[in-house]
Amino acid sequence: MPEEVKLYESPALRAVTGPTIRPGGLTLTERALAYCSLPTEAAVLDVGCGNGATVAHLRHEHGLKAFGLDASGRLLGTGRNATDGLPLIRGRAEALPFADSCLAAIFCECVLSLVSAPQAALGEWRRALAPRGYLVVSDLYARNGGREVRPESGALMSCLAGVTGSRRLYERMRTAGFEVLLFEDHTPLLRRLAAQLVWAHGSMAAFWKAVGGGCGDGCLDQGGRSGYYLMVARRGADDHG
Ligand SMILES: C[S@@+](CC[C@H](N)C(=O)[O-])C[C@H]1O[C@@H](n2cnc3c(N)ncnc32)[C@H](O)[C@@H]1O
């Protein structure tokens, strides 16, 4: 079995994205913050925080009591080295070490499609959110409504792993007891990242080779079908079914 390649841990990707390992950097974080108007000192969690770039931004630029959680010891280590004292926790998105109803918002940036049990994770995030608390998700999606693709272990593990269509995303949110307030397409941010990767490496094929994965030129945009979205949802009433 070939070793699993985690695109988000690759220095070749981070050399292009910088500390935020996603299309658009902090653009959609800022857009969501403007939409949600969280009070200063509100407790928020960045699930799948990577090296904690969003956590540092939320704390230092927005005065929020932000925490980060991620499964990757490697990325958390990079974050801890870069910024002393950031509250970064090693853990799984599916089991948050937070009490019920204690968070004003959860951010989840370029992570949901990587989570192996997304419905269970959404239920867990709902548990930790305060009533009417916000869930901010940005991620890849299939713009043609295509079916979810989950590669076998050993395949390239990137944001492409569990990409699904918007209808399925809405269904998942409703089933988990969230009300979707906002869904915006931000595919140009994904295209810009792809262009930056090609600029840095000569072609997408050369980039995937540098990363050690097995994708070719069509992998990131899948013939133009992959898109990028921002969703803001809110924890709904307690009687969801
Ligand atoms: C594409 S990176 C995005 C990191 C960060 N949100 C950012 O935008 O810079 C995906 C992150 O999700 C984390 N991740 C994936 N599945 C996870 C899980 N089940 N629990 C916790 N973290 C997870 C990875 O370790 C990685 O840091």
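Source: prediction; values computed, not measured. Both ligands and their constituent atoms are indexed starting at 1 by order of listing.
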Item to complete: Specify side chain, backbone, both or neither for Glu94, according to which of its non-hydrogen atoms lie closer than 4.0 Å to ligand 1.
Response: side chain
Worksheet item: Is Val47 close to ligand 1, meaning an N/O of one under 3.5 Å from an N/O of the other?
Response: no
Worksheet item: Do any nitrogen or oxygen atoms of Thr20 come within less than 3.5 Å of a nitrogen or oxygen of ligand 1?
Response: no
Response to the item:
The option among Ala71, Ala121, Cys110 carrying the non-hydrogen atom nearest to atom 22 (N) of ligand 1 is Ala71
Worksheet item: For Val111, is at least one N or O under 3.5 Å away from an N or O on ligand 1?
Response: no
Fill in: Salt bridge present between Arg22 and Glu109 (N-O < 4.0 angstrom)
yes
Practice prompt. Indicate yes or no: at least one non-hydrogen side-chain atom of Arg143 is less than 4.5 angstrom from one of Asp185.
Written response: yes
Worksheet item: Does the side chain of Thr78 reach to within under 4.5 Å of the side chain of Arg14, using non-hydrogen atoms?
Response: yes
Worksheet entry | Contact check: Glu109 vs ligand 1, nitrogen or oxygen atoms, below 3.5 angstrom | yes
Response to the item:
The atoms of ligand 1 lying under 4.0 Å from a heavy atom of Ser72, numbered in the order shown, are 25 (O)
Worksheet, complete the sentence: Of Ser113, Ser116, Gly48, Ala93, the one whose closest heavy atom lies nearest atom 5 (C) of ligand 1 is Gly48
Practice prompt. May I ask you to list the atoms of ligand 1 that are less than 4.0 angstrom from any heavy atom of Cys49?
Written response: 5 (C)
Worksheet item: Which atoms from ligand 1 have a heavy atom of Arg22 less than 4.0 Å away?
Response: 7 (C), 8 (O), 9 (O)
Item to complete: Apply salt bridge (charged side-chain N to carboxylate O under 4.0 Å, His left out) to Glu124 and Arg127, showing your working.
Response: CA-CA 5 Å; Glu124 174 65 352; Arg127 176 193 68 72; 2.9 Å; yes
Worksheet item: With a cut-off of 6.0 Å (strictly less than), are more than 12 heavy atoms of other residues, nucleotides or ligands near CZ of Arg192?
Response: no
Fill in: Side-chain heavy atoms of Ser166 within contact of Tyr229, under 4.5 Å
no
Discussion item. Whether Arg59 engages the ring of Phe67 as a cation-pi pair (distance to the six-membered ring centre under 6.0 angstrom, angle to the ring normal within 45°) should be assessed.
Written reply: yes
Practice prompt. Provide the number and element of each atom of ligand 1 under 4.0 Å from a heavy atom of Gly50.
Written response: 4 (C), 5 (C), 27 (O)
Worksheet item: Do Glu179 and Arg174 meet the salt-bridge criterion of a basic N to acidic O distance under 4.0 Å?
Response: no
Worksheet entry | Location of contacts on Leu75 toward ligand 1, heavy atoms closer than 4.0 Å | side chain
